[in-house]
Number of protein chains: 2
Amino acid sequence: MTDSNPNASLPAPSIPGDALPPVEQHAQQYATVRNAHETELIEDYVELIGDLLAHRGEARAADIANRMAVSQATVSKMIRRLNELELVTSKPYRSLFLTEAGQKMAETSRARHDIVLHFLRALGVRDATARIDAEGMEHHVSDETLAIMQRFTEQQQKS
Amino acid sequence: MTDSNPNASLPAPSIPGDALPPVEQHAQQYATVRNAHETELIEDYVELIGDLLAHRGEARAADIANRMAVSQATVSKMIRRLNELELVTSKPYRSLFLTEAGQKMAETSRARHDIVLHFLRALGVRDATARIDAEGMEHHVSDETLAIMQRFTEQQQKS
DNA sequence: CAATATTGTTAGCCAAGGCTAAACTGTTTG
DNA sequence: CAAACAGTTTAGCCTTGGCTAACAATATTG
């Protein structure tokens, strides 16, 4: 301990069971989140490209830029990355397409996104809010939780 | 449209109602997520510092580095930022303390985190998974959804 | 109390993901 | 079919959040 401690009187944890997790577990939590962040944007791009292809028949950089509220230059740079990762194919000045791997990722992302979105709606969240929350949450929901969400939604719809 | 389109046969949206959202709404979703990302790490640090102060009486850079699974140099740099943001006070080689603003942020983050964690457990997610998911999800859950989660958890505990 | 161990800081590197401005390509249209 | 417009790319900048290595301060202990 050090000298004067202005925070010494912070309230004790409300529930004893909510003590700090063991260091390794705690570290694991943060590492998982950091990891998710790296793939998140990639998945968002791929998912959006898949959606544009499905709904519009083509995916142009300008559309992506508009929908992501990001400059075209940023999209262009990102597409180069997606290319290197072999998730999309692109000829200069032409529409984008997804590779096998890209399509797979798009489908997975889309499915995950839908489960979360439908779950939130089933829970009673307003549509506009559910959409925003789903977009942020989808990359941080484990398969275990996802399965539970899906079951919950189905239950809800039966009654 | 362009020439050959290898993705032209992608399945149509399973539910017609799930068409692409209008551009402005869509853009809003992504912007909200990008925005959350900027504050996320800050909140994680402040929350952790608050927890360490509450549970241990002090918050040292080394503890933070261990718990975050990050180098001490990274923590040191981050603390400088937190200082500039007037969320923590620190004298070199001494424990950290939270400013008023920092305490407020820590409390808010902690409360939010707890609601999500308890909700996931109430939903039936295993503890270890719930902890990991909560860490990632907490920054992307709106107040509206948070309130609904809290109500759900309370309902669950009554029965 | 000196030597060692732990802890914290600084410097300097890197990649990612934004941006603007400028150049280039492709499409549309007078 | 040339000019104008829309879309795309490139260059070059910035900030964040990582890292390692080297150095500095504090704490511990023989």
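Here is how names work: the chains are called A, B, and so on, in the same order as the sequence lines, proteins then strands, and each is numbered from 1.
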Answer with yes or no whether the hydrophobic clustering places I148(B) together with F152(A); edges join I, L, V, M, F, W, Y residues whose side-chain heavy atoms lie under 4.5 Å apart.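 They do share one cluster, since a chain of ILVMFWY contacts under 4.5 Å joins I148(B) to F152(A).
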Would a 4.5 Å heavy-atom cut-off, applied to side chains only, mark R131(A) and R121(A) as touching?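 With C-beta onward as the side chain, the pair touches.
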With sugar-phosphate taken as primed atoms, P, OP1 and OP2 and all else as base, the protein-contact string of nucleotides 8-15 of chain C at under 4.0 Å (heavy atoms; B, S, -) is BBB-----
Roughly, in whole Å, what's the span from CD1 in I42(A) to C1' in dA16(C)?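 From I42(A) CD1 to dA16(C) C1': 9 Å.
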From CD (E47(A)) to OG (S109(A)), nearest 0.5 Å: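 Result: 5.0 Å between the selected atoms.
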Hey, does V70(A) reach any base, or is it just sugar-phosphate, or nothing, if we go heavy atoms under 4.0 Å?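 The residue V70(A) makes sugar-phosphate contact but no base contact.
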Could you check how far CE of M68(A) sits from P of dG17(C), rounded to whole Å?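 That distance rounds to 11 Å.
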Report the distance from atom CG of L82(B) to atom CG of L96(B), rounding to the nearest 0.5 Å.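 One finds 8.0 Å between CG of L82(B) and CG of L96(B).
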Same apolar cluster: L117(B) and L48(B), side chain cutoff 4.5 Å: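 They do not share one cluster, since no chain of ILVMFWY contacts under 4.5 Å joins L117(B) to L48(B).
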Atom-pair distance (CD on E38(B); C1' on dT15(D)), nearest Å: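 Answer to the nearest Å: 10 Å.
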Pairwise side-chain contact, R110(B) with D51(B), heavy-atom cut-off 4.5 Å (strictly under):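 The answer is yes, as the side chains (C-beta and beyond) meet within the 4.5 Å cut-off.
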Atom pair distance, as rounded to whole Å: CD in E40(A) and P in dT16(D):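 Spelled out: CD on E40(A) to P on dT16(D) is 19 Å.
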Distance, rounded to the nearest Å, where N35(A) contributes CG and dG17(D) contributes C1':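 Nearest whole value for this atom pair: 15 Å.
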Write down the distance between CG (D44(A)) and C1' (dA16(C)), rounded to a whole number of angstrom.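 From D44(A) CG to dA16(C) C1': 15 Å.
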Rounded interatomic separation in angstrom, taking CD1 from I64(A) and P from dT9(D):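 That distance rounds to 10 Å.
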Taking the side chain as every heavy atom from C-beta outward, state whether I132(B) and V33(A) have any pair of such atoms under 4.5 Å apart.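 Not in contact.
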Looking at H140(B) versus H37(B), is the centre-to-centre ring distance below 6.0 Å?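 Yes - the distance between ring centres of H140(B) and H37(B) falls below the 6.0 Å cut-off.
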Could you pull out the closest heavy-atom pair between N83(A) and V88(A), with the gap in Å?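 Closest approach of N83(A) to V88(A): OD1-O, 3.2 Å.
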Five pairs at each end of the helix from dC1(C)-dG30(D) to dG30(C)-dC1(D): take the axis at both ends and give me the angle between them to 10°.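 One end axis against the other gives 0°.
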Would you mind reading off the distance between E43(A) atom CD and dG17(C) atom P, rounded to a whole angstrom?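 About 12 Å, once rounded to whole Å.
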